[in-house]
Amino acid sequence: QVQLVESGGGSVQAGGSLRLSCAASAVSKCMAWFRQAPGKEREGVAFVYTGGGSTFYADSVKGRFTISQDNAKNTLYLQMNSLKLEDTAMYYCAADGLCRGRWYLWNNYRYWGQGTQVTVSS
């Protein structure tokens, strides 16, 4: 069982930055950030293969968001810059040791955090 605890969400004006953190009880091979806005499906935002460091991003956040890991602290980060109104959502950390399929599909992850809210205003 892997416990994940997100933090760092908040309210920010468009164009601003936030850094989300996900403290994990253990590092899994595949870790990702997802987000879900009201009335929308949960979508993959960023992914890291902790074994080799490969990363992937949703097209909507490429060039603005950066996923990183600190294995010594068992912590996953999401640096979010140039935030837009459409980035407003609940952000979730996800992990899975089997890396079962497409990184952006939420049902490929076994472990989830409780989420942290990000609100971007104009």
[X] versus [Y], closest heavy-atom pair with distance:
X	Y	answer
V12	L83	CG1-CD1, 3.5 Å
V120	L85	O-CD2, 3.4 Å
A37	A89	N-CB, 3.9 Å
V2	S28	CG2-OG, 4.1 Å
Q69	V48	OE1-CG2, 3.2 Å

Rounded to the nearest 0.5 Å, what separation is found between the [atom1] atom of [X] and the [atom2] atom of [Y]?
X	Y	atom1	atom2	result
I67	S54	CD1	OG	11.5 Å
M80	T66	CE	OG1	11.0 Å
Q3	Q1	CD	CD	5.5 Å
S68	L76	OG	CG	7.0 Å

Check: [X] side chain, [Y] main-chain N or O, donor-acceptor pair, under 3.5 Å:
X	Y	value
T116	Y91	no
T50	K29	yes
N108	R102	yes
D96	R110	yes
Q114	E6	yes
W33	Y77	yes

Given R35 and D87, is the side-chain contact (heavy atoms from CB on, under 4.5 Å) satisfied, shown in steps?
CA-CA 9 Å; R35 66 185 181 188; D87 294 320; 2.9 Å; yes
Parallel, tilted or perpendicular, as decided by the 30° and 60° cut-offs, for the rings of W112 and Y92:
perpendicular
I'd like to know whether CZ of R64 has more than 12 heavy-atom contacts from other residues, nucleotides or ligands below 6.0 angstrom.
yes
Quick check on Q13: does its CD atom have over 12 non-hydrogen neighbours (other residues, nucleotides or ligands) under 6.0 Å away?
no
If hydrophobic clusters are built from ILVMFWY residues whose side chains come within less than 4.5 Å, do [X] and [Y] share one?
X	Y	result
L105	F56	yes
M90	V118	no
W103	L20	no

Which of Y111, W106, Y109 passes ring-ring contact (aromatic ring centres under 6.0 Å, His included) with F34? Answer is Y109
Verdict with reasoning, M31 to L4, per side-chain contact (heavy atoms from CB on, under 4.5 Å):
CA-CA 11 Å; M31 300 191 74; L4 304 171; 4.1 Å; yes
side-chain contact (heavy atoms from CB on, under 4.5 Å) between N81 and S17, worked out
CA-CA 4 Å; N81 298 329; S17 298; 2.9 Å; yes
